[in-house]
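Okay, structure first, notes after.
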Amino acid sequence: STLAVSVLPHMWTYTNEQRTLRLPLKINTVEYNTIINEFNKTMFGQYTRINRIERIQNERWHKQYMLHRADFKKSLKMNTEKFLYHGCPDVATSSIIQDYFNRSFAGKNGTLYGHGVYFSSNAQYSHAYAVPNKHGERCMFFARVLIGRTTLGDNTMKVCPKQYHTTTDGQHIYVTYHDTQAYGQYLICYQ
């Protein structure tokens with residue numbers, strides 16, 4: 001259904017007709033608390049404070065992701081979408097929000113499970129890649145990721161093997177090979 005794909009999430013809001021890409025969430029809303037609760041499942045005691053959580057509202061990226069998601073559901077006959085973490089230096093966050101999780105940077109932090117973009121269900125693992133800025137702030141995406149069919153990855157894989165959509169370590173790491181296979185729905189900024 002093309003109509004469902006073109007509809008933006010009901011919680012997206014804009015100020016002054018501006019297309020705000022990054023909207024800080026209000027503290028203690030259901031949306032905010034849900035993300036904090038998920039984050040704390042593996043990060044409790046590993047950080048001092050949450051500075052802000054931003055909802056990412058990139059219409060083009062979201063629409064492409066939703067089309068990709070519809071294709072996945074149709075071909076796999078099931079939903080394989082997961083919310084996963086992606087830690088990165090704050091200098092990378094703006095380019096990700098503007099231009100998606102870009103595979104051309106793959107390999108910067110290793111390629112143990114393939115040359116793609118790495119996500120984890122364990123925020124503490126992604127924390128290692130959330131390099132603090134000069135103010136000590138770290139950034140981590142809480143992203144929607146289409147897992148599809150997954151297979152064990154290795155460092156020789158430049159693309160995902162045929163019949164598969166992601167590679168994995170078999171535990172908590174998933175590697176994507178298509179730029180719109182993941183949508184960075186939230187950015188958690190913390191210390």
Side-chain angles (χ1 to χ4, degrees), residues 5 21 35 38-39 41-43 46 54 56 58-133 138-190:
V5 167
L21 281 178
I35 295 157
E38 284 301 312
F39 189 65
K41 285 180 183 175
T42 57
M43 282 295 290
Q46 304 297 311
E54 296 174 348
I56 307 309
N58 181 325
E59 287 185 43
R60 183 173 41 107
W61 185 7
H62 187 268
K63 286 175 183 174
Q64 289 177 341
Y65 174 80
M66 293 306 283
L67 284 168
H68 213 95
R69 183 175 179 251
D71 284 349
F72 265 59
K73 274 182 142 172
K74 189 175 173 185
S75 67
L76 296 171
K77 311 265 189 281
M78 60 192 264
N79 183 4
T80 63
E81 181 179 61
K82 291 183 183 289
F83 266 96
L84 302 173
Y85 298 97
H86 178 86
C88 60
D90 78 335
V91 293
T93 60
S94 292
S95 65
I96 289 171
I97 291 165
Q98 204 70 49
D99 298 313
Y100 323 153
F101 292 106
N102 190 328
R103 286 172 305 139
S104 64
F105 297 111
K108 194 169 183 289
N109 291 312
T111 57
L112 203 53
Y113 305 106
H115 293 254
V117 180
Y118 281 61
F119 296 91
S120 176
S121 57
N122 182 338
Q124 195 169 345
Y125 173 84
S126 297
H127 174 70
Y129 301 96
V131 181
N133 67 17
R138 296 173 185 260
C139 295
M140 191 181 302
F141 282 95
F142 191 40
R144 295 167 71 173
V145 183
L146 299 168
I147 302 301
R149 284 191 291 274
T150 191
T151 185
L152 283 176
D154 67 53
N155 63 359
T156 65
M157 295 175 172
K158 301 271 191 224
V159 295
C160 203
K162 290 209 181 315
Q163 309 304 315
Y164 293 100
H165 305 98
T166 54
T167 53
T168 182
D169 68 339
Q171 295 172 37
H172 64 91
I173 298 169
Y174 295 92
V175 184
T176 63
Y177 296 84
H178 192 285
D179 295 351
T180 58
Q181 195 172 340
Y183 180 74
Q185 186 134 343
Y186 298 101
L187 182 66
I188 304 166
C189 302
Y190 65 99

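Numbers here simply count residues along the sequence, with the first being 1. Atoms considered below: every heavy atom in the structure, side chains included; atoms not considered: hydrogens, waters and symmetry mates.
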Checking Y183 side chain against N58 main chain: does a donor-acceptor pair fall under 3.5 Å?
-> yes
Checking T151 side chain against T167 main chain: does a donor-acceptor pair fall under 3.5 Å?
-> no
Check the pair I56, L21 against side-chain contact (heavy atoms from CB on, under 4.5 Å), reporting the backbone distance first and the verdict last.
-> CA-CA 6 Å; I56 307 309; L21 281 178; 5.7 Å; no
Kindly compute the distance separating CE (M157) from OH (Y164), expressed to the nearest 0.5 Å.
-> 9.0 Å
Check: A92 main-chain N/O paired with S95 side-chain donor or acceptor under 3.5 Å | yes
Would you say the side chain of Y174 lies within less than 4.5 Å of the side chain of S120, judging by non-hydrogen atoms?
-> no
Would you call the rings of Y125 and H172 parallel, tilted or perpendicular if under 30° counts as parallel and over 60° as perpendicular?
-> perpendicular
In Å, rounded to the nearest 0.5 Å, how long is the span from CD of Q46 to CZ of R138?
-> 10.0 Å
Minimal heavy-atom distance between I147 and K82, with the atoms involved, is CG1-CD, 3.7 Å
Under the 3.5 angstrom rule, does the side chain of R69 hit a backbone N or O of L146 as a donor-acceptor pair?
-> no
Nearest heavy-atom neighbours spanning Y177 and G114 | OH-CA, 3.2 Å
Determine, step by step, whether K158 and T111 satisfy the side-chain contact (heavy atoms from CB on, under 4.5 Å) criterion, reporting the C-alpha distance in whole Å, the side-chain angles of both residues, the deciding distance to 0.1 Å, and the verdict.
-> CA-CA 9 Å; K158 301 271 191 224; T111 57; over 6 Å; no
H127 vs Y190 side-chain heavy atoms within contact, under 4.5 Å = yes
Taking the side chain as every heavy atom from C-beta outward, state whether L152 and D169 have any pair of such atoms under 4.5 Å apart.
-> no
Evaluate the ring planes of F101 and H86, with Trp represented by its six-membered ring, and classify them as parallel (under 30°), tilted (30 to 60°) or perpendicular (over 60°).
-> perpendicular
May I ask you to decide if A143's main-chain N or O and Q185's side chain share a donor-acceptor pair within less than 3.5 Å?
-> no
Ignoring hydrogens and geometry, is there a side-chain-to-backbone donor-acceptor pair from Y113 to G170 under 3.5 Å?
-> no
Heavy-atom side-chain contact between L187 and C139 under 4.5 Å | yes
Does any non-hydrogen side-chain atom of T180 lie less than 4.5 Å from one of H178?
-> yes
T42 side chain vs A123 backbone, donor-acceptor pair below 3.5 Å = yes
Supply the atom-to-atom distance I173 CD1 to T150 OG1, rounded to the nearest 0.5 angstrom.
-> 11.0 Å
With the side chain counted from C-beta on, respond yes when Q181 and Q64 share a heavy-atom pair under 4.5 Å apart, and no when they do not.
-> no
Output yes when a side-chain donor or acceptor of W61 lies under 3.5 Å from a complementary backbone atom of G184, and no otherwise.
-> no
Looking at the rings of F142 and F39, which for Trp means the six-membered one, are their centres under 6.0 Å apart?
-> no
Give a yes or no answer on whether the side chain of R60 reaches the backbone of Q98 with a donor-acceptor pair at less than 3.5 Å.
-> yes
Distance, nearest 0.5 Å, that separates CG of N122 from NZ of K41 = 12.5 Å
Find out whether T166 and V175 are in side-chain contact, i.e. whether some heavy atom of one side chain is under 4.5 Å from a heavy atom of the other.
-> no
Does S126 reach the main-chain N or O of Y85 with its side chain, forming a donor-acceptor pair under 3.5 Å?
-> yes
Side chains of Y65 and E81: donor-acceptor distance under 3.5 Å anywhere?
-> yes
Identify the heavy atoms of H115 and N155 that sit nearest to each other, and give their distance.
-> NE2-O, 3.1 Å
L84 side chain reached by Y118 side chain, heavy atoms, under 4.5 Å | no
To the nearest 0.5 Å, how far apart are CZ in R144 and CZ in F119?
-> 13.0 Å
Spacing of CD belonging to E38 relative to CD1 belonging to I188, to within rounding of 0.5 Å | 9.5 Å
